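The structure appears right after this line, and notes come after that.
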Amino acid sequence: MSRKPIISGNWKMHHNHFEAIQTVQKLHYRLESDDYEAVDVTVHPPFTDIRSIQTLIEADKMKIGLGAQNCHWEEKGAFTGEVAPGMLAKLDVQYVIVGHSERRELFGETDEVVNKKVKAVIANKMTPIMCCGETLEEREQGEAEAKVERQVREGLAGLSKQMVANLVVAYEPIWAIGTGKTATAEDAEAMCAKVRAVVADAHGADAAAGVRIQYGGSVKPGNIVELMSQTDIDGALVGGASLDADQFAAIVQYRNH
Ligand code: 13P
C-alpha cells in the first residue's frame, strides 16, 4: 500500500490572525498543484486564527488542509477555556494534533486523555495526528522504545483497524523539539518502524500498512530529504520552520531538492 506523504506545520502559540493570513497566502503562492498531488500539506494555527484561515482557504480554493493543535474530548459542557471537537469540524478543520509533548509535559495530558481526544476527533470525522516521543533522559536510560510503545498502544486503544489505518502518528523526540538537534535519519527511522510494528501487533497488518507516521523535531529544508527517504517515515510535523512560508514550502518541496 502506498501512503501519501503528509507534511504539517504546527505553529504552536505563534502568529496572530493577521500574520496567519499572510503566511498562508505566501505558502499558497509558493506551492504548485504538483506539490499538493504529491504531499498532503496541513497548517495548524492557534484557535483564534482558524476562522480567518478557513475563509481564506475556501475563497481561494486552496488545497492546504486546515488543522488545529488540540481540542477537548467532550462535545460541550462546563469546561472553561476549552474548545469542542464539533466546533472545529464546523470550521472545516480536517486534522487535529492530539497529545503533543508540550500538552503532555506542560498541561498534564495522560495517555488516557489522549485516547479520549483521539476518539472524539474521529467521531467528528476529522483526522487525529497523535504525537509520541521520549525525553533525553528516557533515551539515555534506554527507556525510549518502551515509552513510545506505551503511548501508541494506549493512545490508540479501542479503535477499529479502519480508524487506525486512516490516522497519523507523529514521532517527536522531545530533545529534538526546538533545539536544532534532529534525530539521525537512522534513529528516526528505527523509532518510526517500531511505531508501525506496535500498530501491527495491536491493530493488524492493514492498519500498520495504512497509518502514516511523521517525524518531528527540528525538521528543516536541509534535513527533510534524508528523513523522507526512510521507509517508515511518511511525513513531518514541523514547528519553527513552518512559521516561515519560504522555509515551509521548501520542506514540502523536498522532492525537488
Ligand atoms: P520544531 O520543528 O520547532 O523542533 O518543533 C517540532 C514540533 O514540536 C512540531 O510539533
Side-chain angles (χ1 to χ4, degrees), residues 5-15 19-20 23-24 27 39-47 49-50 64-71 88 93-107 109 114 117-118 121 126-136 138-139 144 147-148 151-152 155 167-185 187-189 191-192 195 212-228 230 233-254:
I6 175 163
I7 297 187
S8 305
N10 173 13
W11 293 356
K12 309 190 181 186
M13 200 169 72
H14 297 285
H15 286 347
E19 295 161 334
T23 306
V24 170
L27 182 64
V39 178
D40 284 335
V41 183
T42 77
V43 291
H44 300 252
F47 287 133
D49 304 356
I50 286 180
I64 296 170
L66 182 55
Q69 301 173 17
N70 180 33
C71 67
L88 298 174
V93 167
Q94 294 171 272
Y95 297 87
V96 184
I97 297 170
V98 177
H100 190 279
S101 60
E102 287 149 18
R103 302 288 326 162
R104 294 176 186 260
E105 302 268 305
L106 304 173
F107 302 98
E109 288 191 12
V114 170
K117 291 186 176 191
V118 167
V121 169
M126 300 179 290
T127 301
I129 298 181
M130 192 199 71
C131 302
C132 57
E134 79 286 359
T135 62
L136 185 58
E138 287 161 342
R139 172 156 287 254
K147 181 186 190 189
V148 169
Q151 289 177 321
V152 172
L167 55 73
V168 180
V169 174
Y171 167 59
E172 299 202 303
I174 296 169
W175 48 271
I177 297 178
T179 57
K181 286 187 203 157
T182 331
T184 62
D187 284 349
E189 166 63 12
M191 194 64 92
C192 290
V195 168
R212 292 187 289 177
I213 304 176
Q214 295 176 318
Y215 167 79
S218 299
V219 173
K220 302 277 183 284
N223 57 26
I224 185 70
V225 177
E226 204 189 354
L227 289 163
M228 290 305 290
Q230 308 298 315
I233 299 181
D234 306 311
L237 183 53
V238 186
S242 74
L243 296 173
D244 179 84
D246 289 330
Q247 278 203 55
F248 191 49
I251 291 171
V252 170
Q253 293 169 329
Y254 69 92

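Indexing begins at 1, ligand by ligand and atom by atom, following the structure's order. Keep in mind that this is a model prediction, so the values were computed, not measured. We're numbering straight along the sequence, starting at 1.
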Q) Going by the order shown, which atoms of ligand 1 are within less than 4.0 Å of some heavy atom of Ala176? A) 4 (O)

Q. Will you find, in the side chains of Glu172 and His100, an N or O donor that is under 3.5 Å from an N or O acceptor?
A. yes

Q.
If the cut-off is 4.0 Å to any non-hydrogen atom of Leu237, which atoms of ligand 1 fall inside it?
A. 9 (C), 10 (O)

Q) Does the Arg139 side chain pair with the main chain of Ala144, one donor and one acceptor, at a distance under 3.5 Å? A) no

Q. Counting both backbone and side chain atoms, is some N or O of Gly240 under 3.5 Å from an N or O of ligand 1?
A. yes

Q) What atoms of ligand 1 come within less than 4.0 Å of a heavy atom belonging to Gly178? A) 1 (P), 3 (O), 4 (O)

Q) Will you find, in the side chains of Tyr254 and Glu226, an N or O donor that is under 3.5 Å from an N or O acceptor? A) no

Q) For ligand 1, does Ile177 get within less than 4.0 Å through its side chain, its backbone, both, or neither, judged by non-hydrogen atoms? A) both

Q: May I ask you to identify the nearest protein heavy atom to atom 2 (O) of ligand 1, giving residue, atom name and distance to one decimal place in Å?
A: Gly239 N, 2.9 Å

Q. Considering only heavy atoms of Asn10, which atoms of ligand 1 have at least one such atom less than 4.0 Å away?
A. 9 (C), 10 (O)

(Q) Minimum heavy-atom separation for Thr182 and Ala176, please, with both atom names. (A) CA-CB, 4.3 Å

(Q) For a quick test of reading the model, state the closest non-hydrogen atom pair linking Thr23 to Leu243 and the distance between them. (A) CG2-O, 3.6 Å

Q | Under 3.5 Å: donor-acceptor pair, side chain of Gln69, backbone of His44 | A | yes

**Q.** Residues that Gln151 engages under side chain to side chain donor-acceptor pair (under 3.5 Å), provided they are two or more places apart
**A.** none

Q. Okay, side chain of Lys220, backbone of Ala241: is any donor-acceptor separation there less than 3.5 Å?
A. no

Q) Among protein heavy atoms, which lies nearest atom 9 (C) of ligand 1, and at what distance? A) Glu172 OE2, 2.9 Å

Q: Looking only at distances, please establish whether an N/O atom of ligand 1 is found under 3.5 Å from an N/O atom of Gly217.
A: no

Q: May I have all residue pairs that pass salt bridge (Lys or Arg N to Asp or Glu O under 4.0 Å) and include part of residues 239-254, sequence neighbours excluded?
A: Lys26-Asp246, Arg30-Asp246

Q: Consider ligand 1: state whether an atom of it lies below 4.0 angstrom from any non-hydrogen atom of Lys12.
A: yes

(Q) Check this for me - ligand 1, His100, N or O atoms closer than 3.5 angstrom, yes or no? (A) yes

**Q.** Atoms in ligand 1 flagged as close to Ser218, the criterion being non-hydrogen separation under 4.0 Å
**A.** 1 (P), 2 (O), 4 (O)

Q) With a 4.0 Å heavy-atom cut-off (strictly under), which part of Ala241 contacts ligand 1: side chain, backbone, both or neither? A) neither

Q.
If you measure every N or O of Thr179 against every N or O of ligand 1, does any of those distances drop under 3.5 Å?
A. no

